[in-house]
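To start, the structure itself, in structure tokens.
Atoms within each ligand, like the ligands themselves, are counted from 1 in listed order.
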Amino acid sequence: MYPDVSLYIDGGWSRGAAGRTIPVLNPATAEPIGAVAHAEQSDLDRALAAAERGFKTWRKVSAFDRYKIMRKAADNLRARAEDIARIMTQEQGKPLAQARMEVLAGGDLIDWFSEEGRRAYGRIVPARADGIYQLVIKEPVGPVAAFTPWNFPVNQAVRKISLALAAGCSIIIKGPEETPGSCAELVRAYADAGVPSGVVNLVFGVPAEVSEYLIPHPVIRKISFTGSTAVGKHLAMLAGKYMKRATMELGGHAPAIVFADADIDAAAKLLSANKYRNAGQVCVSPTRMLVQEPVYESFLDKFIAHTKAVRVGDGMDEKVQMGPLAHARRVEAMEGFVADAVQKGGKLRTGGKRIGNKGYFFEPTVLTDVPRDARIMNEEPFGPVALIAPFKDFDGAVEEANRLPYGLAAYAYTRSAKTAAAIGSAIESGMVSINHHGLALPEVPFGGVKDSGYGSEGGSEAIEAYLNTKFVTQIGI
Ligand code: NAD
């Protein structure tokens with residue numbers, strides 16, 4: 001049922017040079033289901049040499065031909081969606097329906113970015129003298145090193161691989177060791193579509209060792225990382241030291257502001273569904289529900305009712321709405337956050353405990369009255385815990401929303417067009433979604449500000465980070 005996962009270097013699948021492997025666990029049982037190959041330094045050297053050669057080949061392939069190969073990769077992904085989703089649920093825990101959706105959305109992302117590659121236009125700048133042509137040309141930045149996490153094993157990797165390929169770059173991707181199988185199937189979809197050897201390479205290992213080796217390496221010209229703010233800051237520092245371009249998709253602590261004039265039923269339903277999606281292990285997960293005083297109690301009751309109704313279990317069961325957390329570290333983190341919040345005066349309204357003693361299940365949890373100095377009010381919970389607090393007026397809500405150094409996603413609910421416009425402008429955040437949850441589509445920007453990082457891996461902005469701008473001026477002789 002679960003494949004052993006290999007490295008993919010220079011067009012071939014292989015074990016690491018020393019034959020070492022890392023076990024892969026099913027978070028629903030905490031039992032091993034397979035193993036992933038562990039790269040040695042010599043494997044990284046092979047990947048670097050392959051990426052250097054792959055770049056020379058791929059940059060000469062026309063944008064139109066790159067597009068055709070990428071569209072085939074998207075079709076491969078769609079055709080294999082069911083099998084890949086089953087691999088993902090076994091290794092990551094999310095319900096099968098969410099895994100399927102992620103794989104199918106991967107196809108849409110490849111389509112979008114493949115098309116963007118064909119639109120990587122330059123321009124001609126009018127000259128000051130006759131006969132001079134001033135050309136602005138977009139060129140691929142070069143071999144990319146990308147680091148992708150376990151919460152969306154396909155979605156995070158597909159953005160980086162597709163952007164690199166669309167721009168004409170090669171890429172070495174360090175996939176997630178906890179959830180390597182579905183990420184490897186994504187790479188297989190590209191390989192089977194005819195991407196030449198060396199253009200896409202996949203490695204696994206000890207994340208810090210791989211990044212410290214790849215980022216400074218002269219072959220690598222660009223870094224892209226999705227993960228925690230702490231690791232992102234470290235990698236951005238390394239990228240800066242070695243003058244590498246970098247895109248950082250980091251953590252968030254999304255505020256969701258519910259004004260008194262909002263549709264409270266819709267707000268409670270949508271926010272709870274989005275809170276517990278992927279067991280809250282989502283960088284844009286709504287975390288601080290800020291609710292205007294007159295509707296606070298009514299929102300709280302409805303949100304808690306939805307929370308209690310969430311069906312938790314093994315994601316392979318089609319009836320399940322929330323699976324286990326992805327690994328033991330998250331369960332320990334949730335226990336620590338809840339204990340700290342309660343000890344500081346927070347009220348546990350529902351949930352708050354690990355479920356059973358097999359696998360990494362945690363109850364969907366609601367906390368209220370949590371003081372600002374509690375850890376969970378400041379650190380990204382990255383789990384199924386909702387914080388609900390009342391606010392008096394617009395300024396109070398904005399002050400709390402902007403209090404943290406994060407700025408990834410924010411949500412608001414109101415029936416007033418005036419309030420919607422004002423909140424959209426007042427919140428310090430890369431993305432604001434009002435009265436619905438409409439983030440992360442291929443054609444819209446995706447990225448944060450402040451400690452949530454920089455750069456966008458969605459929309460028409462995204463490909464820019466994988467391109468250099470070259471200026472050529474010429475005169476006919
Ligand atoms: P972590 O910070 O150790 O790891 C997060 C991710 O970064 C993992 O994929 C890991 O493999 C990678 N990583 C860690 N150190 C690295 C290094 N030195 N070089 C390269 N990659 C490195 O934490 P974790 O326990 O795996 O996850 C918990 C935290 O990570 C969460 O609290 C959340 O904030 C964050 N996270 C964010 C996202 C996101 O989508 N932004 C995804 C996964 C995890």
### Message
Checking side-chain polar atoms at under 3.5 Å, does Glu102 have a donor or acceptor matched by the opposite partner on Asn278?
### Response
no
### Message
Among all the protein's non-hydrogen atoms, which is closest to atom 27 (O) of ligand 1, and how far away is it?
### Response
Trp150 CZ2, 3.4 Å
### Summary
Quick note on ligand 1: atoms under 4.0 Å from a heavy atom of Arg329 include exactly 24 (P), 25 (O), 26 (O)
#### Entry: Non-hydrogen atom of Arg330 closer than 4.0 Å to ligand 1
yes
### Message
More than 12 heavy atoms of other residues, nucleotides or ligands under 6.0 Å from NZ of Lys450: yes or no?
### Response
yes
## Note on the structure
atom 22 (C) of ligand 1: closest protein heavy atom, distance to 0.1 Å, is Pro207 CB, 3.4 Å
### Atom indices of ligand 1, in the order listed, that fall short of 4.0 Å to a heavy atom of Val231
2 (O), 13 (N), 14 (C), 15 (N), 16 (C), 17 (C), 22 (C)
### Task
Determine, using heavy atoms of Phe225 and all atoms of ligand 1, whether some pair is separated by less than 4.0 Å.
yes
#### Entry: Taking atom 1 (P) of ligand 1 as the reference point, the nearest protein heavy atom with its distance
Ser228 OG, 4.1 Å
### Query
Against heavy atoms of Cys283, which atoms of ligand 1 measure under 4.0 Å?
39 (C), 40 (O), 41 (N)
### Query
For atom 40 (O) of ligand 1, what's the nearest protein heavy atom and its distance?
Asn151 ND2, 3.3 Å
### Task
Output yes when Arg188 and Glu185 qualify as a salt bridge under the 4.0 Å nitrogen-oxygen rule, no when they do not.
yes
### Identity and distance of the protein heavy atom lying nearest atom 19 (N) of ligand 1
Ser211 OG, 2.7 Å
### Query
Step by step, would you call Glu400 with Arg403 a salt bridge (Lys or Arg N to Asp or Glu O under 4.0 Å)?
CA-CA 5 Å; Glu400 169 56 25; Arg403 177 179 58 91; 2.8 Å; yes
### Worked verdict on Glu464 versus Lys222 for salt bridge (Lys or Arg N to Asp or Glu O under 4.0 Å)
CA-CA 12 Å; Glu464 234 355 270; Lys222 177 181 164 62; over 6 Å; no
### Gln281 heavy atom under 4.0 Å from ligand 1
no
### Task
Can you confirm whether something in the protein, heavy atoms only, sits under 4.0 Å from atom 3 (O) of ligand 1?
no
### Task
Could you label the plane-to-plane angle of the His327 and Trp150 rings as parallel, tilted or perpendicular, counting under 30° as parallel and over 60° as perpendicular?
perpendicular
## Note on the structure
Quick look: Val210 vs ligand 1, heavy-atom contacts under 4.0 Å, and the answer is neither
### Task
For Ser162 and Tyr190, test the side chains for any donor-to-acceptor distance below 3.5 angstrom and give the result as yes or no.
yes
### Message
Whether the Glu116 and Tyr466 side chains hold a donor-acceptor pair (N or O, under 3.5 Å, no angle test) is what I'd like checked.
### Response
no
### Whether Glu91 side chain and Gly181 backbone form a donor-acceptor pair below 3.5 Å
yes
